[in-house]
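Being a predicted model, the structure only gives us computed values, none of them experimental. Whatever order the structure lists ligands and atoms in, that order sets their numbers, starting from 1.
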Amino acid sequence: MAGVNLRDVTKKYGRTEAVKGISFDIADGEMLVILGPSGCGKTSTLRMIAGLETVSSGTISFDGRPVTTVPPARRNVAMAFENYGLYEHWTVFDNIAYPLRLRGLADGGIRRKVTAVAEQLQITDVLRARPAGLSGGMRQRIGLARALVRDPSVFLLDEPMSHVDADLRNDLRAEIKRIHLEVGSTMIVVTHDQLDALTMADRILVMDDGRIEQLDTPTVVYDTPATTFVAGFIGEPPMNLVSAERSDGGDTLTLDGGGRFGPPPTLLDAVPTGANVTVGFRPHRVRLEPAAVAAASGDLRLDATVYMVEPLGDRTLVTVRCGDTRMKVDLPGSPGFTVDQPVRLTVDQADVHVFDPAGRRIDPASARRAAAA
Ligand SMILES: Nc1ncnc2c1ncn2[C@@H]1O[C@H](COP(=O)(O)OP(=O)(O)OP(=O)(O)O)[C@@H](O)[C@H]1O
């Protein structure tokens, strides 16, 4: 096992700069999920760590040992792909044994290692079977066993769950997480699916356009997204993001469509008059009332009309329209709103995020410290 360190790593393909100088550290035994939209540079980053792609500039180290120019075979990384590339006409045992045979290990050693990994992943019963008739979850375990049998320092998985249906996806997430717990190796998983990241990661590295947007635990990334990109990418439905402006000398922010938000004074001080900022709040943090009876107080208030109501069984998703802006409200049960009904949204101060004109979250705590200094 090994920790992984990247320093100012870039990747250029001709004129395309796919990775734009990223630095991060992965602890030994950590499960890091690299998350981002198509084309953001996730796979390039993973392939550079594996040594399958050269680094245009910067350095990669394992446990402080530089590996930037070390060929893949000598990095001791294992990479498992989406379809796991199993040989259908071989037994499960032979599939798992394959990398050891390539290394020229003796039969006795191969048997010992395959048996040990099979026990660890609980697939001993199927060692004599062929992969073809086995379930998706079992095939995944076999693919992972074949990677693990080499005792890799780092274990890399590229989109391990694309092209599987939603039911199986839930199972496979739990499987991968369980396997990580059991084997304790450093794992890096690439995905474009925010739920994969939230459910599996020790920490999530969110990328966009070749850069790191945020690297932190799922809880921190969800509760305090560093940028509007992260806020809009994580959460289902994602955070509502509304343009807002601080009017001249005023102590409130005016939202597009006419709503108002009164931020704490320290945060307000960090918003220049006339600056275009973005106000964000999660759909399940909103209180919604018919406009006619609106009584609830809240630091953010917004009058809107109901655009659509979508019952989801135990909860209801209400889309509201305020000027040209649409927002989602996630309510428990069946609250009985109807299309075109006038409503009032209210949100508590603690549940409202403000992002500066560059899209970076203004942290109320550091704004407070700056004000005190
Ligand atoms: N071999 C290549 N030659 C030229 N351009 C490439 C190559 N590989 C990737 N790119 C480009 O680099 C950028 C980042 O690609 P990369 O595959 O790393 O992103 P990604 O986030 O993994 O996307 P996806 O999920 O679609 O694979 C994209 O613009 C892509 O078109």
Side-chain angles (χ1 to χ4, degrees), residues 4-26 30-60 67-73 75 77-85 140 143-144 147 154-166 168-169 172-173 176 186-216 218 221 225-236 238 359:
V4 177
N5 323 93
L6 273 74
R7 286 290 166 274
D8 303 318
V9 170
T10 64
K11 178 67 198 175
K12 289 183 185 150
Y13 302 100
R15 285 195 190 155
T16 308
E17 196 174 8
V19 178
K20 300 177 178 171
I22 59 173
S23 303
F24 60 90
D25 298 308
I26 307 170
E30 185 175 22
M31 161 85 88
L32 182 91
V33 178
I34 304 181
L35 172 71
S38 181
C40 73
K42 310 180 289 292
T43 298
S44 299
T45 303
L46 198 73
R47 289 175 61 82
M48 286 191 286
I49 294 171
L52 298 171
E53 225 30 280
T54 56
V55 170
S56 302
S57 64
T59 57
I60 299 178
V67 295
T68 316
T69 54
V70 173
R75 289 195 192 192
V77 296
M79 188 141 171
F81 298 92
E82 181 197 310
N83 59 12
Y84 298 105
Q140 187 187 43
L144 296 178
V154 184
F155 199 9
L156 308 173
L157 293 97
D158 192 1
E159 295 278 2
M161 283 165 297
S162 50
H163 306 307
V164 296
D165 62 35
L168 184 56
R169 205 173 172 103
L172 294 187
R173 281 188 193 114
I176 292 179
T186 308
M187 273 195 189
I188 310 176
V189 180
V190 156
T191 182
H192 63 276
D193 183 326
Q194 52 104 28
L195 208 52
D196 289 352
L198 286 173
T199 52
M200 294 195 300
D202 290 326
R203 286 188 305 157
I204 305 174
L205 186 146
V206 188
M207 284 186 77
D208 183 37
D209 192 24
R211 294 196 176 85
I212 296 176
E213 291 277 321
Q214 190 165 14
L215 171 57
D216 220 313
V221 170
T227 63
T228 47
F229 176 84
V230 178
F233 201 76
I234 294 202
E236 180 50 44

- Message: As an exercise, state the distance from CD of Glu30 to OG1 of Thr186, rounded to the nearest 0.5 Å.
- Response: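 Rounded to the nearest 0.5 Å, the CD-OG1 separation comes out at 8.0 Å.
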
- Query: What is the distance from atom CE of Met207 to atom OG of Ser44, rounded to the nearest 0.5 Å?
  - Reply: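 If I round to the nearest 0.5 Å, the distance is 8.0 Å.
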
Short N or O separations between ligand 1 and the protein, below 3.5 Å:
unit_1, atom_1, unit_2, atom_2, d
ligand 1, 18 (O), Ser44, N, 2.9
ligand 1, 18 (O), Ser44, OG, 2.6
ligand 1, 19 (O), Gly41, N, 3.2
ligand 1, 21 (O), Gly39, N, 3.4
ligand 1, 21 (O), Cys40, N, 3.0
ligand 1, 21 (O), Gly41, N, 3.1
ligand 1, 21 (O), Lys42, N, 3.1
ligand 1, 21 (O), Lys42, NZ, 2.9
ligand 1, 22 (O), Thr43, N, 2.8
ligand 1, 22 (O), Thr43, OG1, 2.7
ligand 1, 23 (O), Gly39, N, 2.7
ligand 1, 25 (O), Lys42, NZ, 3.1
ligand 1, 26 (O), Ser38, OG, 2.6

- Can you tell me if Asp202 uses its side chain to pair, donor with acceptor, with the backbone of Met31 under 3.5 Å?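 Looks like yes, one N/O pair under 3.5 Å.
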
- Task: Answer yes or no: is there a donor N or O on one side and an acceptor on the other, between the side chain of Lys42 and the main chain of Val189, under 3.5 Å?
- Result: no

- Task: Sequence neighbours left out, what passes side-chain hydrogen bond (donor to acceptor under 3.5 Å, both in side chains) with Lys20? Give chain and number order.
- Result: Asp209

- Are Val154 and Met79 side-chain neighbours, meaning at least one heavy-atom pair lies under 4.5 Å? no

